[in-house]
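Contents: one structure, followed by commentary.
Per chain, numbering begins at 1; letters A, B, ... match sequence-line order. Bear in mind the structure is a predicted one, so any value in this text is a computation, not a measurement.
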Amino acid sequence: MNSRYEVVIGLEVHVQLTTKTKIFCGCSTEFGQSPNSQTCPVCLGLPGALPVLNQQVVENAIKAGLATNCQIAPHSIFARKNYFYPDLPKGYQISQFELPICEHGWIDIETAELGKKRVGITRIHMEEDAGKLLHNEVDSSAVDLNRACTPLLEVVSEPDMRSSDEAIAYLRQLHQIVVYLGICNGNLDEGSFRCDANVSIRPWGQTELGTRAELKNLNSFRFIKQAIEYEVERQIDVIEDGDEVVQETRLFDPDRGVSRSMRSKEEAHDYRYFPDPDLLPLQVSADWVTRVRDSLPELPLVKLQRYQDEMGLPAYDAGVLSAERPVAEYFEGLVALYNNPKVCSNWVMGEILGALKDKNLGIEDCPVSPELLAGILQRIDDKTISGKIAKTVFEEVWQSGKSADQVIEDKGLKQVSDSGAIEAIVDEVIAANPGPVAEYRGGKEKLMGFFVGQVMKASKGKANPGMANQLLKQKLS
Amino acid sequence: MKFQNLTIQEMRQKLISAELTSVELTRACLERIKATDDRLNAFITICEKEALTAAAAADQQLAAGNGALLTGIPVAVKDIFNTLDVRTTCGSKILNDYVSPYDATTITKLRELGAVIVGKLNMDEFAMGSSGENSAVGVAYNPWDPQRVPGGSSSGSAAAVAAGQVVATLGTDTGGSVRQPASHCGVVGLKPTYGRVSRYGVVAFASSLDQVGPVAGNVEDCALMLSAVAGYDPADSTSVDCPVPDYLENLTAGVAGKKIGLPKEYFIDGLDPDIKTAVNAAIETYRQLGAEIVEVSLPHTDYSVASYYLIAMAEASSNLARYDGVRFGRRQDGNKGLIEMYQQTRSAGFGDEVKRRIMMGTYALSSGYYDAYYLKAQKVRTLIRQDFHAVFEQVDLLLTPVAPTPAFKIGAMTDDPLQMYLSDIFTIPTNLAGTCAMSIPCGFSGEGLPIGLQLIGQPFAEAEMLQAAYAFEQATDWNKRVPEL
Amino acid sequence: MKISQKDVEHVARLARLTIAAEELETLTGQMDAILGYVDKLNELDTEAIEPMAHAVPMANAFRADEVKPAMGIERALQNAPVSGDECFTVPKVIE
């Protein structure tokens, strides 16, 4: 934190929606196809073609709005934003300007430095993406319009963040929400979650905002942090040198860690927004909102709280398990079958996530389903196997996909709880270790662990440890 | 073969009875076009090969007894309709070589009904004009007088029907572009209610005003063409999902007992005396046919031209941004880079009137002027619609002149765009209100030029309007006169 | 004058048009005349009037999220003034 200046950050995030088709035509949105192979008269902006709104886009916008505590506008409209650029086929972008679908929301964030905080969301609106420009040649650029007309939500925050850490916390929270909702794949590399940052500084105590710079091309959380920090330093230098910050768009170069002014784009900004006469107004009924609200998944922050309050998990466990929806769903699936959240948490966070990480797999591809895992845990409870043997059983279930019972049966791993059999082993162990026996009897009770270990070893781990303990105590006393 | 005096219905009968084949009819039509188009310049593209293929297919359908509404009938469309694998220029240099990769919905409908499309018709560039003079390929000539304009922007659509080149055509009407040329050429032209006909694939001029409309030699054929193209289209968000009546049914219902309003604002001092005489005679005819004639008022009429041009130009400035030399159209390469390429392409590709309207529209939407011009015009549009709403509480139909004068001489207004805009005063209000209207021949001027009568119907009441037009046509014989070419 | 030659030049830049020097005066005069004419709208008090963006008051035209076949690269590029490597080619864009 700078001693002389307060940093003010507002973020505009473009969330690419995972609908099957584009926002205004039936072309596929699949990523990575041959250039211009996913186009039609509408998304190419051919003369006479007309847009028709994809209903799923509206549905997803409502979801995002509800999940970020926005008001859903009963009446909203689409507008044309007019400017010329080769990746913009029609010479205008269909967007929302006045009357967006969502307004006046917020999300809560938390940073180590500043603690908990609520960040306002000014608005969320729907719009179409532009195509892609490729700059492979020296004297020309190439235009691929596969991405043109892909649905985006633009989420505009209030200028409520005061540090790069808060900005990142906000972005992570928003990212988590849209991925949780299943409306965005969250892939930053493919540009599915893109951020522009408006950064300004002002002397502490000043209420009006300083002149802001808009930072573009921020496609990783690390770069965003770097870019904001670089920009803050740059603006401080400008002011300390007695100059004024100019309002401009700056492009961050992650390789060099610096940004530069995009003066070519500054020229004559006048977007001439007006309602798009080709698209009807959008009316979202209260019923529709209710239906979407009822269909929303439980959101990560709510889960986080519930895992602590209702399941009694530590904050750390709750955080790990709620961070990603598939993990949370796995965990909740497991708890539904085996009602001991802490044991479930230990196994999911330890065995499952560890093994997945080793094998570089996502939890969707986990070979041990919650059902299979619950099967293992139940066998520990009913003392068919010990906790130690359970690890072996787990590995075997992972490998074979067989049930715990099948694995225990096949490998003969059933715990020995027959007191006669254990007693025989205990006797063998006592007989084989006269020295330690004497020391134990002489008062060195810590040696009990040694004897139990010996019994387990002799039984190949199958002896019921509780019974072994009890019998050893009897015989050694 | 002489087919010029046949109606669509008569052609259909001859085709169905095998007295005539579609190939014969289409050949005759193509010959007539070739023989007369030097004089008329009504066509931009003639699709001989495609037409004969379609005609042969139509003959097979007819032979198999599968004839549809337009099977085998040669028609032509304004060059604003996208037609698959056929040049679609919109009367502009910038689209001179543009070959469309798709069909407009209305074209698909025509094809599905068996129509044979023989060509693409001349028009004011991007439908911007009231005379046909703003075409990149030169003005189409009025069949009644080669010194005069045919009206616009659907200049070729009206001239071709009047000259017997084709029996019916499609045009588009944004501020009178079907009705005014129909009036100037002595044929029937109809602008449906906004949303009645799909705009998908029709090159946009002003999206909230554009509507496709048929032109034909008589009311029945016009009704038939409307039946062919009307209807909801999921590809056009602004098309309206309400049932399409059979416009040919009950055409003879008459006007007895109907209330017809004469909006006093349309009967102004500047009206040409010949037009006044012809329209007054038409009013008398309706009275004799049993209609009740009442005077009504549309108080905001005088503001319609200003409201219309601001809205149309603003929408056009945005609709025409896509002509940037990137994906289609003629590129003029600037040596200095992208912005120069845009400027050169657009400056060389667009004609003066189009550029003027893009400039005006850009200005009306630009920062600081939006509220004063565009928004104001939209609010006045509301007042104009309310006028019609109120008047249709009192009457079934409105009757007015189509244009203040008959067809004017080529070049008479080219230096004064504002004067040209004002000549659309009687047709523009219905586009703003969105309601339906049509032009039917109602007389001739002292100089032998056709005069049109405008009927304005309630929204989606095309059937009732056509019945009134039909009653007038039956009682008169203005549509029987044909020009000497 | 409601509009100056400088304004006209600015609007031309926005619209990506070039106005030849000899046309500028005429065009400015024509635009000025049109603007003078449309000024008559200010005779009307529209304070309480809703603007009208569509001819027919309707809402909610949707399509289902179902993929339709694309038209193919060849079709997409068939009218391109310049193309290469399955893309439209434009003069170098400097960001």
Side-chain angles (χ1 to χ4, degrees), chain B residues 97-99 101-102 193-195 208-209 234 237-238 240 300 302-303 305-307 309-310 317 324-331 333-334 337-339 341-344 346-347 350 355-356 358-360 362-363 366 373 375-383 385 417-418 421 431-434 459, chain C residues 3 7-8 10-20 23 26-28 30-31 33-58 60-64 71-72 74-83 88-94:
Chain B
D97 307 313
Y98 181 69
V99 176
Y102 77 107
T193 308
Y194 186 89
S208 77
L209 298 156
S237 306
T238 62
V240 178
H300 296 95
D302 195 31
Y303 300 95
V305 173
S307 168
Y309 274 95
L310 283 171
S317 73
D324 59 3
V326 175
R327 297 162 321 288
F328 51 81
R330 177 180 291 191
R331 178 186 295 185
D333 248 321
L338 181 70
I339 291 183
M341 185 280 278
Y342 283 150
Q343 290 172 335
Q344 305 275 334
R346 291 166 60 78
S347 298
F350 292 137
K355 280 189 262 191
R356 193 153 43 229
I358 291 173
M359 290 288 291
M360 281 300 307
T362 303
Y363 185 73
S366 66
Y373 292 118
L375 192 66
K376 183 81 186 181
Q378 280 194 321
K379 289 179 167 188
V380 172
R381 184 176 184 182
T382 302
L383 294 174
R385 182 172 60 179
L418 182 54
Y421 301 164
N431 294 84
L432 289 169
Chain C
I3 188 167
D7 294 335
V8 172
H10 169 71
V11 172
R13 263 195 306 279
L14 281 178
R16 296 291 186 264
L17 292 169
T18 43
I19 309 297
E23 292 167 21
T26 314
L27 180 61
T28 307
Q30 287 170 337
M31 288 177 70
I34 296 166
L35 290 171
Y37 175 74
V38 300
D39 241 11
K40 71 186 293 150
L41 295 183
N42 292 322
E43 295 165 12
L44 297 173
D45 178 6
T46 53
E47 194 61 41
I49 307 295
E50 280 294 309
M52 177 177 159
H54 292 90
V56 180
M58 297 192 295
N60 292 7
F62 298 125
R63 36 170 282 274
M71 69 179 186
E74 244 171 75
R75 275 285 185 205
L77 297 175
Q78 76 176 31
N79 282 290
V82 190
S83 62
F88 301 97
T89 307
V90 293
K92 188 81 182 172
V93 177
I94 300 136

field: Heavy-atom pair with the smallest gap, counting every atom of B:Met360 and C:Ile34
entry: CE-CG2, 3.7 Å
Closest-packed option against chain C by number of heavy-atom pairs under 4.5 Å, given B:Thr362, B:Thr193, B:Leu209: B:Thr362
- request: Could you tell me which portion of B:Thr238 (side chain, backbone, both or neither) has an atom closer than 4.5 angstrom to a non-hydrogen atom of chain C?
  value: both
message: With a 4.5 angstrom heavy-atom cut-off, is it the side chain or the backbone of C:Thr89 that approaches chain B, or both, or neither?
response: backbone
Whether B:Lys376 side chain and C:Leu44 backbone form a donor-acceptor pair below 3.5 Å: yes
message: As an exercise: rank B:Ile358, B:Leu375, B:Val99 by heavy-atom pairs under 4.5 Å with chain C and give me the winner.
response: B:Val99
field: Winner by heavy-atom pair count (cut-off under 4.5 Å) against chain C, out of B:Gly434, B:Gly195, B:Pro417, B:Pro459
entry: B:Pro417
- prompt: For B:Gly325, does its backbone N or O pair with a side-chain atom of B:Arg331 as donor and acceptor, under 3.5 Å?
  reply: yes
- prompt: Using non-hydrogen atoms only, which part of B:Leu310 is less than 4.5 Å away from chain C: side chain, backbone, both, or neither?
  reply: side chain
statement: Given C:Met71, C:Arg63, C:Gln78, the one with more heavy-atom pairs under 4.5 angstrom with chain B than any other is C:Gln78
- request: Go through the atoms of C:Glu47 and report whether side chain, backbone, both or neither lie under 4.5 Å from a heavy atom of chain B.
  value: backbone
- prompt: Between C:Leu27 and chain B, which part of the residue has a heavy atom less than 4.5 Å away: side chain, backbone, both or neither?
  reply: side chain
message: Between B:Arg327 and chain C, with a heavy-atom cut-off of 4.5 Å, which part of the residue counts as in contact: side chain, backbone, both or neither?
response: both
- request: Give the member of B:Asn431, B:Val240, B:Asp97 that has the highest number of heavy-atom pairs under 4.5 Å with chain C.
  value: B:Val240
task: Carefully, step by step, assess C:Phe88 and C:Leu77 under the rule side chain to side chain contact (heavy atoms under 4.5 Å, CB included).
output: CA-CA 7 Å; C:Phe88 301 97; C:Leu77 297 175; 3.5 Å; yes
task: Find the one option among C:Glu23, C:Gln30, C:His54 whose heavy-atom pairs under 4.5 Å with chain B are most numerous.
output: C:Gln30
task: Below 4.5 Å from any heavy atom of chain B, which atoms of C:Met58 appear? Answer side chain, backbone, both or neither.
output: side chain
Sequence-distant partners of B:Tyr303, ring-ring contact (aromatic ring centres under 6.0 Å, His included), two or more places apart: none
- prompt: When you measure from the side chain of C:Arg16 to the backbone N and O of B:Gln343, does any donor-acceptor pair fall under 3.5 Å?
  reply: no
task: Show your working on side chain to side chain donor-acceptor pair (under 3.5 Å) between B:Arg346 and C:Thr18 and close with a plain yes or no.
output: CA-CA 8 Å; B:Arg346 291 166 60 78; C:Thr18 43; over 6 Å; no
Under 4.5 Å from a heavy atom of chain C, the part of B:Ala433 involved: backbone
- prompt: C:Ala80, C:Pro51, C:Ala15, C:Ala61: which one forms the most heavy-atom pairs within less than 4.5 Å of chain B?
  reply: C:Pro51
Greatest number of heavy atom pairs closer than 4.5 Å to chain B - which of C:Ala33, C:Ala76, C:Ala53: C:Ala53
- prompt: Taking B:Thr382 for the side chain and C:Glu50 for the main chain, is one N or O donor matched with an acceptor at less than 3.5 Å?
  reply: yes
message: Can you tell me which of B:Phe328, B:Tyr102, B:Tyr421 forms the most heavy-atom pairs within a distance under 4.5 Å of chain C?
response: B:Phe328
- request: Please report the C-alpha distance between C:Met31 and C:Asp7 in whole Å, then the side-chain angles of each, then the deciding distance to 0.1 Å, and finally whether the side chain to side chain contact (heavy atoms under 4.5 Å, CB included) criterion is met.
  value: CA-CA 11 Å; C:Met31 288 177 70; C:Asp7 294 335; over 6 Å; no
message: Need one label for C:Asn60: side chain, backbone, both or neither, based on atoms under 4.5 Å from any heavy atom in chain B.
response: neither
- request: Determine the interplanar angle of the B:Tyr373 and B:Tyr363 rings, folded into 0 to 90°, and report it as parallel if under 30°, tilted if 30 to 60°, perpendicular if over 60°.
  value: tilted
- request: Can you sort out the partners of B:Arg356 under salt bridge (charged side-chain N to carboxylate O under 4.0 Å, His left out), two or more places apart, ordered by chain and number?
  value: B:Glu353
